[in-house]
Trainee: 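The structure under discussion is supplied below as structure tokens; questions concerning it will follow.
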Amino acid sequence: MLFRRIYQFLIVYSIGLLFLLLIKSVLSLSDYVIPGVGLIIETFHNVFDTYFFDVMNTMSVTVLGQCVSIAMAFGVGIAGRRSSWMGSFIKVTAYNIQAYPIVALAPIIFILLGDGFLSRLLIASMICYFPLLLSVLGIMATPVVDIEHFYIITGRMRWQLEVKIRAFENLSKLTTVISGSATLAMAGTIVAEFIAANAGIGYSIRIALYQSNLAGILIALFMIGIVISIYQGCLETLGEQIKTRWSVSKRGNI
Amino acid sequence: MLFRRIYQFLIVYSIGLLFLLLIKSVLSLSDYVIPGVGLIIETFHNVFDTYFFDVMNTMSVTVLGQCVSIAMAFGVGIAGRRSSWMGSFIKVTAYNIQAYPIVALAPIIFILLGDGFLSRLLIASMICYFPLLLSVLGIMATPVVDIEHFYIITGRMRWQLEVKIRAFENLSKLTTVISGSATLAMAGTIVAEFIAANAGIGYSIRIALYQSNLAGILIALFMIGIVISIYQGCLETLGEQIKTRWSVSKRGNI
Amino acid sequence: MRLECNNLNFTYPDSDVPVIKSLSFSMETPGFNAVFGPSGVGKTSLARLIAKMESNFKGNIDTRGMDTILYSYNLERLPGWSSTGNHLDRVTPEGKQPLKDRLIDIFELKNILPARFSKLSMGQQNRINLVRYLLQDFSLLIMDESLANVDEKLRESIILSIKNLFADKMFLYISHNLMEVSGFCRDILVFGKPSGNKGCSIIQGRDYKKGYQPDKEALDRTMLEIMNAI
Amino acid sequence: MRLECNNLNFTYPDSDVPVIKSLSFSMETPGFNAVFGPSGVGKTSLARLIAKMESNFKGNIDTRGMDTILYSYNLERLPGWSSTGNHLDRVTPEGKQPLKDRLIDIFELKNILPARFSKLSMGQQNRINLVRYLLQDFSLLIMDESLANVDEKLRESIILSIKNLFADKMFLYISHNLMEVSGFCRDILVFGKPSGNKGCSIIQGRDYKKGYQPDKEALDRTMLEIMNAI
Amino acid sequence: ADEIELNYRLKWLFNTSVAGDIYADAKGYFKEAGLKVTVREGSPEKNAINELELGYADFGVASADQVIRALDKGAKIIVLAQLFQVNPMQWIYRADQPEIKTLADLKGRNIGITFGGNDETVMNTIFTKAGITKKDIKITGVRFDFTPFFKREVEIWPVYRNSQGVILKDKLEKEGEKVYFFNPADFGVNFVANSIITSEKTWKSRSEVVKKFMAALLKGWEAAMDPANEPDVLIDVKKRDKDPNDELRRLQLIATRELIKPSASAKIGTIDVDAWKQTETIMLNEKQIKQPVHVEKFLKN
Ligand SMILES: Nc1ncnc2c1ncn2[C@@H]1O[C@H](COP(=O)(O)OP(=O)(O)OP(=O)(O)O)[C@@H](O)[C@H]1O
Ligand SMILES: Nc1ncnc2c1ncn2[C@@H]1O[C@H](COP(=O)(O)OP(=O)(O)OP(=O)(O)O)[C@@H](O)[C@H]1O
Ligand SMILES: [Mg+2]
Ligand SMILES: [Mg+2]
């Protein structure tokens, strides 16, 4: 599973790179538009160490950011699952904040929180949480009548139980979304670093862009891809384990 | 429904604004850091016309971008729903591209597509499609055994039918995600404009940001919020209608 | 105390064919009573009305004196995150442990308590579901085909035990098994075919108790009476 | 042509109790045959094995000469996006329209064809589901409680019509209704209680055809024989 | 002894154009003055003026247009020194294009402008000055990557002379292309760039600290701009800057020196009051501020 992810990533990356190089040679673009193989390899040697630590740094924020966003998504999703006034109010709030591009909100965030670790984490989680929220909302708002009936009619239904039932019935959807959202957490962290400019691979990308160093960017993308593949592979394995542990009800399978 | 969305947005926005003004007065900050009411109103008069057309411009790309991303999400989601090698390869590709922050991909996109309308549309759809993809993947990968059994055992199952069954059974989840993703399409378009800098509200935000014109940003956020509320209200109404038209099976409801 | 309906009319919101038309009947409580009739005649609909799960009906349903009305049906499922035994424990009210053990015995569920719900056979699923309802406090329990997938012998012993253990409660048993209904139930509400114009009537069943002597002739008479009412 | 199992053994992957233990039997085909036994004894499991829906069993199942084996059960649902009538049309093979109309008649489904599946009563759902299976080409159709929620009278007329219309096909009828199984089926595979050590046996049912004369004594004898085998 | 803790917010990322700031820190000039200064990078989203007001920073770097805009909106800030004597905001173009000898040579060209950036302000001023209208030229919006310039879609592209300018020049030279730079100051448009600022409050109530800080900082800049220290400076910059290319950094340092200390006699940090006044006038003309702010009142060298 994990290895498959990695070599599949390598294939994807190679195809992308070959495509770029093809364009370069077809349009006979110079090295400063699209770097040649030599330049890429040279850059790789130069920046590998730095970028490696940058990506690791980013990764640590990513993991944390994802945890925060899972918590946020479930918090908002659970609070907003009802079609009551309050539920829809919470949804409107969550949706509207999301419609605001982070670049517009960033100045306000920096005013409120300064530019330390906290801002970076907040931006990362904000980018990552919304897709999670959408799924969680969809799942939490759909009753599982056959299971819930007993608890409702006997007056035993609590919101925790409702959430648990709906989450469990949609466990495979949830694990798909959660492990998939790792990539978003990564992208979010990178954007945060890009804006907040003090550490991580996003910061390095910003510098590379500023220096018009496309080779550097390609290598950064490579490192990001490798690391995210590993992380996601791990998450998926974890997800599988949780599913077997909790022994997903194969409904309808009689 | 629609009106509720709008006035709920107004409440949210007012709360946010009051909060900022509170900070301003408590820390006695100048208009440069946080604009006062007077400056905001003045700016509003000055920029309303421009921003209004900008938002409309953005909106048109948003709608198109959302359509593209729905198509992309379903395409990839359907192609990647199987746990086969190809399915997982498609997923890896989709996930990895997503892990790349758009700021890093943008140069490559611009090289390939130039910086016109197409790039803007592509970036908007790329930001919007991923959350959709996650949900679609989750839904498409979960069999509905009780319904599918007949078609499988009689050899009538085609992928179109499978997709239709799973989509229909999860219609309310899908409409939640699709109408929710409107905000992402909007955010995506704005980011694209922010980067590609030639039109739309994202472009105006960028200028306001360069000039430290927080009042301008706040007004842009206001316009974005209003427009997105209306758009989303419409989508939700549409979603409800589709649901009643298709007469969602309330399973378990006997 | 009685269950009474007066001139009840009900049509599903998105339909224009009335499901229940000017239905009036009354049943004494307590007792093991039944609702019987052809498929699609409105038994489930009536049950849901009595359990207050549907509104928008016309006429009146009198359930005075019955605090808790429970409705159970045969498609219900238990959550999958732990064993059925665990779930049973969690919903057993304080002090009903002995009753629980009794019921597990009667329903022959001992062996399946460690299993997850989704791994059970259909009859096992039906039985474990019914047991958790019986453990609750209720005045009236509606069993909508709750034992549909259980074999006849076990079903008989379950019904007799329920009647014995819960003599002060009211039950509404919905089943398609004519002999069972005729034999074990007291008041049987029989729905006539919608096409015919027989309407509804209450017919007295044999109301067998534990250790009963089957009286074949009387039973046949009741069965005939019911068939004629349809 | 026959359906034959030899020394069949089956255990679910995540369980350690075998569900089917050295089961051997054979049934002539065509015919309306049955599988009978207490709840949880393994009827559904056997059916799924025969229909090739489970693998990993030991022993051998011989279904030579039977191209198409269909398995239907009573929890199946039709998709919700159009009426049941529409769905039925879509799965009716070329040239079977007359059969479809016949079956709709027999199953008393005319009125519900315009309705969505989710709006039907349980018995209606069961019937519409079974009809679509009967419209397919098959050599063996397994009906796992497929008529569980249908009233007895209608069930009887359905079974008799099926036997009449599909005389050259094989059926495996799984039901908990002893009298029905004894009366209408030919070869009855009876599962003994897992606790006892009766094993499995094939018992001859009365195999009533349309217009049959109920022979009460013979039927009682068959029923007794089956009860003893359990 | 207790060191006084201070935060110093730069305008942009660590690179050679902040060599003096880095050097003052690295060589311990702040420490010698009894200060413990944390030097922080900046970006468009994080600006020093906000941070001064919010108390996140004690000193900062801001460009003149930022300062004037903030004064217009009632911010209370003081300019302590002007780092760039020549604005590094210039335009690059290829040498195979006609050289820009007079402003009229701009006509008919495709010029890159960052909408909302101060290059737009400067270029507009140039247009006004030369009587060029929008019809005479083609303007293209610039974003952060240089592809349109590389692909010759845009001829004249805005860059920071001492950082991007050096990089682009190097890249193009590797492909055998020569470049020129168009510097508005050569045509009489003096628009001030980065300056050291602090809040009025700090300036008034902690004048000792301000003095110490400025002395240490300018000492750092003087030392960093001394060609004799070049190898040493490059080593310290490299520690903060991530670019592995040492040669580029050296070229950047040379370019920076020419902007910070155009002649050997020039004193680093000198405030060119006339240039500030011109900057204010330009902004007033461009309607970037509503009324005169009299920026000269806030220049305290
Ligand atoms: N997926 C599964 N995994 C493990 N055990 C299972 C699974 N499905 C069924 N079983 C067990 O196998 C046994 C036989 O189940 P099966 O469904 O075949 O019974 P059945 O004869 O059809 O019963 P019923 O009449 O109640 O439907 C039961 O004890 C059941 O708990
Ligand atoms: N949600 C619904 N909306 C519209 N019509 C419905 C709905 N549910 C049931 N019906 C219709 O109402 C009638 C009565 O249904 P009901 O489920 O009460 O029958 P029943 O007597 O329980 O039948 P069965 O024995 O088959 O379960 C049926 O004709 C059915 O099609
Ligand atoms: Mg019913
Ligand atoms: Mg079964």
Side-chain angles (χ1 to χ4, degrees), chain B residues 20 23-24 26-36 38-40 42-43 45-47 50 54 101-116 119-120 123 191-200 202-217 220, chain E residues 11 42-57 62-63 65-77 89 112-121 139-151 153-154 158 197 199-201 283 286-290 293:
Chain B
L20 279 182
I23 291 178
K24 178 185 167 73
V26 168
L27 302 179
S28 57
L29 300 171
S30 73
D31 272 4
Y32 183 76
V33 181
I34 296 178
L39 183 57
I40 293 178
E42 190 193 318
T43 314
H45 283 295
N46 287 337
V47 298
T50 337
D54 285 344
I102 208 68
V103 283
L105 288 181
I108 299 174
I109 292 176
F110 292 134
I111 290 176
L112 300 180
L113 297 179
D115 67 341
S119 298
R120 205 169 142 203
I123 294 175
V191 169
E193 290 163 352
F194 193 88
I195 298 173
N198 48 24
Y203 163 65
S204 299
I205 288 179
R206 180 186 164 128
I207 293 179
L209 190 65
Y210 276 153
Q211 303 186 340
S212 302
N213 180 2
L214 192 58
I217 292 180
Chain E
K11 180 154 187 288
S43 75
E45 295 83 5
K46 289 182 300 195
N47 86 52
I49 300 173
N50 280 352
E51 302 213 335
L52 290 179
E53 269 203 41
L54 289 161
Y56 295 151
S63 59
D65 61 311
Q66 283 180 315
V67 170
I68 291 168
R69 213 175 274 124
L71 290 173
D72 180 47
K73 286 184 180 160
K76 302 213 173 346
I77 45 175
M89 176 84 261
I113 278 178
T114 316
F115 293 121
N118 49 21
D119 53 322
E120 184 183 18
T121 314
I139 289 181
T140 305
V142 161
R143 25 161 225 269
F144 54 73
D145 82 309
F146 303 91
T147 317
F149 177 68
F150 286 152
K151 294 172 85 177
E153 285 158 8
V154 178
I197 54 166
S199 65
E200 192 185 82
K201 194 163 140 243
M283 291 180 68
E286 289 289 315
K287 297 205 171 54
Q288 300 221 357
I289 50 175
K290 284 174 298 204
V293 298

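Proteins get letters first, then strands, A, B, ... in listed order; numbering begins at 1 in each.
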Trainee: Can you tell which of B/Asp31, B/Leu27, B/Ile23, B/Ile34 has the highest number of heavy-atom pairs within less than 4.5 Å of chain E?
Mentor: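 The answer is B/Asp31.
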Trainee: Check whether E/Asn50 gets within reach of chain B through its side chain, its backbone, both or neither, counting any heavy atom under 4.5 Å.
Mentor: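 For E/Asn50, heavy atoms of backbone and side chain both lie under 4.5 Å from chain B.
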Trainee: Are E/Pro148 and E/Thr140 side-chain neighbours, meaning at least one heavy-atom pair lies under 4.5 Å?
Mentor: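 The answer is no; the side chains never approach within 4.5 Å.
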Trainee: Nearest heavy-atom pair of E/Thr114 and B/Arg206: which atoms, and what distance?
Mentor: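 Nearest heavy atoms, E/Thr114 then B/Arg206: CG2-NH2, 3.7 Å.
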Trainee: Please check this pair: side chain of E/Lys11 against backbone of E/Gly42, looking for a donor-acceptor N/O pair closer than 3.5 Å.
Mentor: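 Pair absent, no side-chain N/O of E/Lys11 close to backbone of E/Gly42.
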Trainee: E/Lys287: what forms a side-chain contact (heavy atoms from CB on, under 4.5 Å) with it, not counting sequence neighbours?
Mentor: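 Applying side-chain contact (heavy atoms from CB on, under 4.5 Å) to E/Lys287 gives none.
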Trainee: Mind ranking E/Gln288, E/Lys151, E/Arg69 by heavy-atom pairs under 4.5 Å with chain B and telling me who comes out on top?
Mentor: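 Answer, by heavy-atom pair count under 4.5 Å with chain B: E/Arg69.
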